[in-house]
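The structure presented is a predicted model; accordingly, all values stated were derived computationally and were not measured. If you read the sequence from its start, that first residue is 1, and numbering goes on from there. First listed ligand is number 1; within each ligand, the first listed atom is number 1.
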Amino acid sequence: MGLNYYQIKKNILRARKLVIKATNTAGSGHPGGSFSMAEILGCLFNKHLKFDPKNPQWEDRDRLVLSKGHAAPGLFSNMAVAGYFPESELETLRKFGSKLQGHPDLKCPGVEFCGGSLGTGLSYSVGIALAGKIDSKDYHVYTIIGDGESDEGQVWEAAMTAAKYQVDNLTVFLDRNFIQQDSYTEKIMPLDKKLESDNLSEMWKDASRWKTGDKWRSFGWNVIEIDGHRVEQIDSAIKKANATKGVPTIIISRTIKGKSVEHMEDNPAWHGKAPDSDVVPIINMELDSQFMIAPSIIAGDMTNLENEVKRCVSGRSDYIHLDVMDGQFVPNKTFDHVKIKELRPLTVIPFDSHLMINEPVKHVRDYIDAGSDIITVHAEVTDESSFGEIHDLLKQNQVGVGFAINPDTELPEWSYKFLPSLDQLIVMSVVPGKSGQKYIEETHAKMARLNTILKEHNFSGYIEADGGVNLENIGSVFADGARAFVGGGAIIGQQDVRAAIRDFRTEVLSSRRQLLLDKANELGGTELVNKWIGLHVVGEKQEQIKKIAQERGYL
Ligand code: DX5
Ligand code: ZN
């Protein structure tokens, strides 16, 4: 079974957009804390939580307690995506008579707990988890607490109680975004005075020294520390928590308040404030422009692929791109599913298997079983029937469905009907067969043609650019519409993989900022461009974005 990466990602995106819509319509609400826990909720709702939206009171359901209740828009949007009520109801957020109030309320079927009075959710969770044990139920309780509310003494009374009674059917997420209503958490109630500073990014560098984990451990809890925006880390932490018996688990998730919207990120002002209507389309475009970096390990030492995977892990790649070549579809041979299976235990980072093989329909099962999270097969060796079979098998196994076309191949008409449910389209920008080739310039024009077809046929997946992508062209490849970027020579071929990935991200970010400024200019001219720039108040973003606007002649 795969991670279901793309399905989770797509629903997280949908939920984030609903948060923007809801808070904008209401003119108030809490986007910052809704976004810091977006991946946690997305992973719970789309992968782990047992629930039935048609029967919210189902006795055996898992219980989700949102203790940091002010982030209600985040909860409600996930509930809407999950089918508890229509997504359009988010527009009634905070309106008189609506079941979607500023804080979660039992009036909304499916809500487990009236959150908002901070510090109380954990006590309640311990109670319902214990009740489940007494009643011999096997439901699980998942609770999300904030780092601001962790200043409350009641949290620690509950922590002691859970450890004393060995409440192991309870898993708590600490949304560790370092910001509470008035300021940074470590300024309000520091655990270590020496680490306090005015610069959040400086404070973060020392995050390993923050003592939150030690504190929970000393209260007798199983502590797992993760990056709370990495779906695969959340998934793996939940599995570990569920397998831990005799003690409660807390998953300390390092998150970014306002994550995914640059001007909201790490900015305490967005704790409780709604975006203005004129910037909403630009924010939505930004949300649509999240991107992934996928190093291709065949560009490294083929005799030690284990080490190449480790380099991707320490380089913090989003995927690991696995180029499978069979010596038939392409002249070269690389490795097959046996190798993938061997590499799988090395990391939880999604495996993006690109099958350059003949008759993929005969082999796809092996690649699922080897632990792939996304599998891409080629248009040149599939037809409507075999691709249909592959498509269904991948979906059933929660593996992302990818389809690839060679430089000389146009998207076949038979594939159009699969576009709405296709997760990934690889547009090859070199003739497949080896890494280190030059990007074929014609691909830019091809991408423009493709975008029209994809739009017409409701493609909601991600385009992956593969072949010859480097620092010089990645910006324009992003502007063409690609959102996942394979890097062989330009990443794995470099000595410092981490720096290479960081540079890839910086280039894409700069291209994204251009795109958003273009949108601002198109919608509201200089005035909106200035407003957009003015929103970016944290760190050096404002100066950098202003420079781009000047270069583009908007100022
Ligand atoms: C080509 C492969 C690519 C390639 C990427 O057949 O599918 O993934 O190895 O390597 P670079 O980025 O070096 O072209
Ligand atoms: Zn590839």
Shortest protein contact, [atom] (heavy atom only):
atom	answer
atom 5 (C) of ligand 1	Asp466 OD1, 3.7 Å
atom 1 (C) of ligand 1	Lys434 O, 3.8 Å
atom 10 (O) of ligand 1	Ser435 CB, 3.1 Å
atom 12 (O) of ligand 1	Gly488 N, 2.8 Å

> Any cation-pi pair here, Arg176 with Phe178, using under 6.0 Å and within 45°?
Replying inline: yes

>> Tell me whether the NZ or CZ atom of Arg344 lies within the 45° cone about the ring axis of Phe351 and under 6.0 Å from its centre.
In response: yes

> What residue among Lys9, Gln233, Arg230, Arg16 forms side-chain hydrogen bond (donor to acceptor under 3.5 Å, both in side chains) with Glu39?
Replying inline: Arg16

> With a 3.5 Å cut-off and no angle check, do the side chains of Asn267 and His536 form a donor-acceptor pair?
Replying inline: no

>> Quick one: does any side-chain atom of Arg311 pair with a main-chain N or O of Ile492 as donor and acceptor, under 3.5 Å?
In response: yes

>> Checking the N or O distance criterion of under 3.5 Å, is ligand 1 in contact with Pro432?
In response: no

> Short N/O distance, under 3.5 Å, between Gly433 and ligand 1?
Replying inline: yes

>> Measuring from non-hydrogen atoms of Gly468 to any atom of ligand 1, is the shortest distance under 4.0 Å?
In response: yes

>> Check contact between Ala299 and ligand 1, using heavy atoms of the residue and a distance below 4.0 angstrom.
In response: no

>> Could you tell me if the side chain of Leu411 sits less than 4.5 Å from the side chain of Leu425, heavy atoms only?
In response: yes

> Rounded to 10°, how big is the angle at the Zn ion (ligand 2) from His354 ND1 to His321 NE2?
Replying inline: 110°

> Restricting to N, O or S atoms of Asp323, which is nearest to the Zn ion (ligand 2)?
Replying inline: OD1

>> Could you identify the N, O or S atom of Asp466 positioned closest to the Zn ion (ligand 2)?
In response: OD2

> Considering residues, nucleotides and ligands other than Arg316, do more than 12 of their heavy atoms fall under 6.0 Å from its CZ?
Replying inline: no

> Between Met356 and ligand 1, which residue portion shows a heavy-atom distance shorter than 4.0 Å: side chain, backbone, both, or neither?
Replying inline: side chain

> So which bit of Asn470 gets within less than 4.0 Å of ligand 1, heavy atoms only: side chain, backbone, both or neither?
Replying inline: neither

>> Less than 4.0 angstrom from a charged side-chain N to a carboxylate O is my criterion; do Asp496 and Arg502 meet it?
In response: no

